[in-house]
> 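This structure is in structure tokens; I'll ask about it shortly.
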Amino acid sequence: MYIEFDDSLITGNETIDAQHKELIEHIQKFVNSCEDNSSADKADQMLKYLIDYTVFHFTAEEKLQEDVSYPGLKEHRDKHEAFKVTLAELSDKLKAEGTSADFAEEIKEQVVDWLFNHIKVFDRSVAEYINMYDHPDLL
């Protein structure tokens, strides 16, 4: 499975977009390790890094929202927390079952599809709000 950051994922906020690119690159590496049946240890290390980067990214994103008093912050934060739980559950499953094509498909459904939808709906909304906040004269 090939995963890439493309124009459909651009939010218009340079910081958010750069972090999304980085996040998607880490997901691609993790999926590759699952698809090529790498050792569970190697895949686990990649997933740990992905989890750490996700926490870093979500923290930065939420800080941006706090800075502009984004009205959807609580809902956005709840989405982030749910995704962190999904990643923890996938980590447990990886440790119990190892890598496989089925596991890679689960990553696509629970991580890639979730993230792409989240970016296109929630993060784009945040970026638009920040842009309006930064340029009230355009309203």
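These values consider heavy atoms only, across backbone and side chains, with no hydrogens, waters or symmetry-generated copies. This structure is a prediction, so every number in the text was calculated from the model and none was measured.
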> Backbone N or O of V55 within a donor-acceptor pair of the T59 side chain at under 3.5 Å?
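Yes; judged by distance alone, with no hydrogens or angles, the pair exists.
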
> If we ignore hydrogens and angles and just use 3.5 Å, is the side chain of S125 paired with the main-chain N or O of V121 as donor and acceptor?
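Such a contact is absent between S125 side chain and V121 backbone.
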
> Quick one: CD on E105 to SG on C34, what's the gap to the nearest 0.5 Å?
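These two atoms lie 12.0 Å from each other.
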
> Are V112 and L23 in one and the same hydrophobic cluster, where Ile, Leu, Val, Met, Phe, Trp and Tyr link if side-chain heavy atoms are under 4.5 Å apart?
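Yes, because V112 and L23 connect within a single hydrophobic cluster, where side-chain heavy atoms sit under 4.5 Å apart.
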
> List for me each residue that meets salt bridge (Lys or Arg N to Asp or Glu O under 4.0 Å) alongside K93, sequence neighbours excluded, and say none if there are none.
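Scan of K93 (salt bridge (Lys or Arg N to Asp or Glu O under 4.0 Å), adjacent residues dropped) gives E106.
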
> Tell me whether the rings of Y129 and Y70 are parallel (<30°), tilted (30 to 60°) or perpendicular (>60°).
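Rings of Y129 and Y70: perpendicular, over 60°.
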
> Can you list the residues that meet the salt bridge (Lys or Arg N to Asp or Glu O under 4.0 Å) rule with K48, with sequence neighbours excluded?
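Applying salt bridge (Lys or Arg N to Asp or Glu O under 4.0 Å) to K48 gives D44.
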
> Could you walk me through whether E4 and K21 pass the side-chain contact (heavy atoms from CB on, under 4.5 Å) check?
CA-CA 8 Å; E4 72 175 338; K21 287 178 189 176; over 6 Å; no

> Can you measure from CZ (F30) to CD1 (I51) and round to the nearest 0.5 angstrom?
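The CZ atom of F30 sits 8.0 Å away from the CD1 atom of I51.
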
> Group every Ile, Leu, Val, Met, Phe, Trp and Tyr by side-chain heavy-atom contacts under 4.5 Å, then state whether F116 and L87 land in the same group.
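Hydrophobic grouping puts F116 with L87.
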
> Given side-chain contact (heavy atoms from CB on, under 4.5 Å), test V31 with K108 step by step and report yes or no.
CA-CA 8 Å; V31 167; K108 181 197 177 300; over 6 Å; no

> With no hydrogens and no angle check, do the side chains of S69 and Y133 hold a donor and an acceptor under 3.5 Å apart?
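There is no such pair (donor and acceptor under 3.5 Å, judged by atom type) between the side chains of S69 and Y133.
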
> Can you tell me how far CD1 of I130 sits from CD of Q65, rounded to the nearest 0.5 angstrom?
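Rounded to the nearest 0.5 Å, the CD-CD1 separation comes to 7.0 Å.
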
> Specify the closest pair of heavy atoms between L73 and E66, including all atoms of both residues, with the distance to one decimal.
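Smallest heavy-atom distance, with atoms named: CD2-CG, 3.5 Å.
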
> Does the R77 side chain pair with the main chain of E62, one donor and one acceptor, at a distance under 3.5 Å?
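Looks like no, no N/O pair under 3.5 Å.
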
> Tell me whether L50 is reachable from I16 by hopping between hydrophobic residues (I, L, V, M, F, W, Y) whose side-chain heavy atoms are closer than 4.5 Å.
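No; L50 is not reachable from I16 via cluster members.
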
> Check whether any side-chain heavy atom of E81 sits under 4.5 Å from a side-chain heavy atom of V85, and report yes or no.
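No - every pair of side-chain heavy atoms lies 4.5 Å or more apart.
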
> Angle between ring planes, Y53 versus F56, binned at 30° and 60°: parallel, tilted or perpendicular?
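Answer is tilted, since the angle falls between 30° and 60°.
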
> Regarding D17 and T11, do their side chains bring together a donor and an acceptor under 3.5 Å, going by distance alone?
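There is such a pair between these side chains.
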
> Hey, does E61 have a side-chain heavy atom less than 4.5 Å from the side chain of H80?
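H80 reaches E61 side chain to side chain.
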
> Same cluster for L90 and I27 if Ile/Leu/Val/Met/Phe/Trp/Tyr side chains link at under 4.5 Å?
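Yes, because L90 and I27 connect within a single hydrophobic cluster, where side-chain heavy atoms sit under 4.5 Å apart.
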
> If you count the non-hydrogen atoms of other residues, nucleotides and ligands that lie under 6.0 Å from CD in E109, is the total more than 12?
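Counting other residues, nucleotides and ligands, CD of E109 exceeds 12 neighbours.
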
> From L115 CG over to L9 CG, what is the distance, rounded to the nearest 0.5 angstrom?
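One gets 7.5 Å once the value is rounded to the nearest 0.5 Å.
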
> Dump the intermediate steps for ring-ring contact (aromatic ring centres under 6.0 Å, His included) on H118 and H76, then the final yes or no.
CA-CA 9 Å; H118 183 79; H76 205 121; 4.7 Å; yes

> Given H20, which partner from the list N13, D123, T15 fulfils the side-chain hydrogen bond (donor to acceptor under 3.5 Å, both in side chains) test?
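Of the listed residues N13, D123, T15, the side-chain hydrogen bond (donor to acceptor under 3.5 Å, both in side chains) partner of H20 is D123.
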
> Distance alone, cut at 3.5 Å: any donor-acceptor contact between the side chains of N32 and Q28?
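Judged by distance alone, the side chains do pair up.
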
> Could you check whether any side-chain heavy atom of V126 comes within less than 4.5 Å of a side-chain heavy atom of E128, counting everything from C-beta outward?
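The answer is no; the side chains never approach within 4.5 Å.
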
> Is any side-chain heavy atom of F5 less than 4.5 Å from a side-chain heavy atom of E22?
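Not touching, per the 4.5 Å side-chain cut-off.
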
